[in-house]
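Order of the sequence lines sets the chain letters (A, B, ...), proteins ahead of strands, with each chain counted from 1. Being a predicted model, the structure only gives us computed values, none of them experimental.
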Amino acid sequence: MADELAKGYQPHAFETKWYQIWEQQGYFHADQHSDKPPYSIVIPPPNVTGVLHMGHALNNTMQDILARWKRMTGHEVLWMPGTDHAGIATQNVVEKQLVSEGQDRHDVGREQFVERVWQWREESGGQIINQLKRIGASCDWERERFTMDDGLSTAVREVFVKLYDDGLIYRANRLINWCPRCHTALSDLEVEHDDKKGSLWHLRYPVKGSDQQLVVATTRPETMLGDTAVAVHPDDERYQDLIGKMVVLPLIGREIPIIADDYVDKEFGSGAVKITPAHDFNDFEMGKRHNLENINILDESGIINENGDAYQGLDRNTARAKVVVDLEAQGLLEKTEEHLNSVGECYRCKTVVEPYMSLQWYVDVQPLAKEAIKAVETGQTRIIPAQWEKTYYEWMYNIQDWCISRQIWWGHRIPAWFCADCGEITVSREDATHCCKCNSSNLQQETDVLDTWFSSALWPFSTMGWPENTSTLKKFYPTSCLVTGFDILFFWVARMMMMGIKFMGEVPFKDVYIHALVRDAQGQKMSKSKGNVIDPLTVIEEYGTDAFRFTLTAFAAQGRDIKLSTERIGGYRNFCNKLWNASRFAMMNLEGFEPVEQPQWDQLNLSLADRWILTRLTQVEQQTNKALEEYRYNEVANALYAFTWHEFCDWYIELIKGDLYGERSGDDGAAKLSAQTVVYTVLERLLRLMHPVTPFITEEIWQKLPGTRPVASIMLSSYPQGDGLVQDAAATAQMEQVMEVIRSIRNIRGEMDVSPGKKITALFDCKTEEICSVMTAAQHYITSLARIENLTCGVGLDQPEQVAKQVSGEVEIMLPLAGLINIEEEEKRLIKEIAKVQKDVDMFSKKLSNEKFVANAPAAVLEKDRGKLAAAQDKLIVLQEGLEKIIALK
RNA sequence: GGGCGAAUAGCUCAGCUGGGAGAGCAUCGGUCUUACACACCGAGGGUCACAGGUUCGAGCCCUGUUUCGCCCACCA
């Protein structure tokens, strides 16, 4: 086995292999009839059009860690996977294909188009599923769902009909956000606002029956074609005499009134605003207040319609330019200023959206939001980190009715039928054949489809078979945790909360863990246009999946964005390599070792190092479980990293080499057996402990360990809980002292430039018999790790004349110079060291001489500080004596 | 305009209930010491953004300021 390890850490050699085995063996499958306690997660379904990006990688790594950890702690884990049909996004992909064939969707017709989207989905959709497998996602793929599949479509209709029957779905003719490219309405959330440099044009409107001109300022001059008033502030002294008069709309010639409304800001522009109720949300409201006419000047592609007179047929942008030119030609353009304003864009195609009058379907979400707020307030659902609660509440309090109809073809067609005879709307679970009012069969189904987020909102229960009362729902709803990015908190999480409570009577998830955004090393959002995208699959190619997952875990501190750099991933690849080599070392020394399931610790002759590492492992196991419990992923990674590298590898393995190689004097083989047992135990448990984060390397090594495993895969083993090991606080403290002494000697050697190969003599003048016996017992550690060939320990030792000195706790270390240490260097070193210790002495003396501190500080703090002061004072004296002697030698 | 977050070593960031400031990378010096040079040993490096306050004691709590980021909102 060790031979295979000798080839080095080559992640690609085994990652795919293990994933296939796990999947084939059904280890990812959740049994809804199991007696084990349930743990469930629904995946945020990626778009079928999606390609795995960093956000997915992070999101799914976090989920996979939870899923694997919970499986190992005896839970029946359901990680429900699937994809979202992504209405507009997917339709756009197929439309683009058509365009490349010289067609558009109207050429092929609705039915054929939808057929074609399904075909596309069969052939190239869902590639992201395989990419998720590459990162190790242990989803129950047997249950994979799609928001457009039959079961989910049934759920969608059920919800629509119920909401309609409850009076929570209605139709209304209002201004909505319209994408002239996608030809559909968008919800408020689907419009992204971006501050853009534009112009503010000041236009002169002639006042009827006078020579006066009223100046209005606008950022969208083409909308003047649809103006039906000009508004001023009722208190604006400049315009008192104009209120109630008419202006003649230039270019069009229409006479429109000058009205007064206190919405108008006197300070802005000229203080007069042109009012276009059909193309501006504020103007629409004002139009309602003043009974103004709504004149729509655009068609659904953003082209000026018949209401635009001479401008009919022009694109809105062309029309804008022409309006400005024409007004200027007539001397009606007062001035043009630069202006920064927020422009709404379609979140799918980035086209500037237009406020547009149309008849749409809405959900009255207020009653649903109320319950969703309460669920978080009462703690039925926890949001982690808690700071996001506020954002959630804020949005929920100010929630607006949800426009759910989309004028596209790909999606759940709204289950409403219009009667051609009586005009009644029939809403039905099954395809309606007769009007619910007049029984006519002359029905036409609504052509609109539902917002893609409508079906996503049902995801936690629709995927489990709702509206049937399935055993899966009984076992796994509500889900344990939802892991998601904050960017879809409103789009998705909030709506799932509302729908879950409404239709299941229970919140959809107990915890919502919200993670950060992955950015590039400079902190910029990754985007294709910036060219700063790091492709997760490329990273996996280069560094392996485990290194990548470990990096994401280590970076995932709560509440901060992740700045990803490939250097860091390389660092964690090195860590995997370290683990690999440590395992190789262990296995080289476990020839003939027969592991037992539960070692009898008291039967073994455990060394100080053994006791120390077992105690530390116990602590790390507890720490890891606690951090996982609290979603402190970075702490999980850091604890595992530090323990593995800096304790297990840097110290423990070095400490036991003497035992393993039988170099320790008077060894009867007991030391070797105990070291073997411990190194095996620590490694085996460490692998299990790390498995949720780095599933592949841990499985690969675990399978290679000597002896037989009680289960077929590390996935099926239990998660270490910090029990069943030796805990020895005294041994741990002694080991720490020994390590400190070794560090001190190494420090002197380093500072004094003593070659690492050179063996030197050391004397330890110990303060007490106790510490002396600790050092004596640990002699072999000190001689081998600090490269000492002759160590003398004692209490009140005679001090040779020429020594380098250091104090480590209760041990005074003396390294006889004997020609290897430069006296000037030692003097400099001591002066530096004394200065450091002097600072400590000063600080603690000052603190402890402060009466208020002594009077108020807790006893434990006082005692600790007094101890530290005493130690520092002792150290100072010894070092000063040492310095005097060195100076005397000169 | 409202809300949220951030500011700690050269860089990227930890620091959870207030008790002598930490990691990784980078830097410098030394090592091919029989698992690992993707390594080992050692070292240097901080006015915890600024100004006040509370406290025996503040990176942490309070107030204000500055800079940056994000979200929400209809200012033409």
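The residue Cys649(A) sits close to a base: some heavy atom pair falls under 4.0 Å. Among the atoms of the strands shown, none is found under 4.0 Å from any heavy atom of Phe284(A). Backbone-only contact: Lys390(A) has heavy atoms under 4.0 Å from sugar-phosphate atoms and none from a base. Heavy atoms of Arg632(A) sit under 4.0 angstrom from at least one base atom. At a threshold of 4.0 angstrom between heavy atoms, the contacts of Arg573(A) include nucleobase atoms, whether or not backbone atoms are also involved. Counting non-hydrogen atoms under 4.0 angstrom, Glu751(A) reaches the backbone sugars and phosphates but no base. Nucleic acid contact for Lys274(A): none, since no nucleic acid atom lies under 4.0 Å from a heavy atom of the residue. Base contact: Phe268(A) has a heavy atom under 4.0 Å from a base atom. The residue Tyr9(A) sits apart from the nucleic acid: no heavy atom pair falls under 4.0 Å.
If you check rG42(B) for Watson-Crick or wobble pairing at under 3.5 angstrom, you find it paired to rC28(B).
The Phe853(A) side chain lies nearest to rG19(B) when the options are rG19(B), rG24(B), rC74(B). Here the nucleotide nearest the side chain of Asp650(A), chosen from rU33(B), rC41(B), rG19(B), is rC41(B). Closest contact between the side chain of Lys852(A) and the listed nucleotides rG20(B), rC56(B), rC36(B) involves rC56(B). The Phe490(A) side chain lies nearest to rC71(B) when the options are rG19(B), rC71(B), rA39(B).
Here the P atom of nucleotide rG20(B) and the CG atom of Asp840(A) are 12 Å apart, to the nearest Å. Atom C1' of nucleotide rG19(B) and atom CG of Leu848(A) are separated by 12 Å, given to the nearest angstrom.
The aromatic rings of Phe643(A) and Phe648(A) lie parallel to each other, their planes meeting at an angle below 30°, with 60° marking the opposite boundary.
Listed pair Lys657(A) / rA35(B) meets the phosphate criterion, a side-chain N or O lying under 4.0 Å from OP1 or OP2.
Judged by distance alone, with hydrogens and angles left aside, the side-chain atoms of Asn856(A) form a donor-acceptor pair with the main-chain N or O of Lys852(A) at under 3.5 Å.
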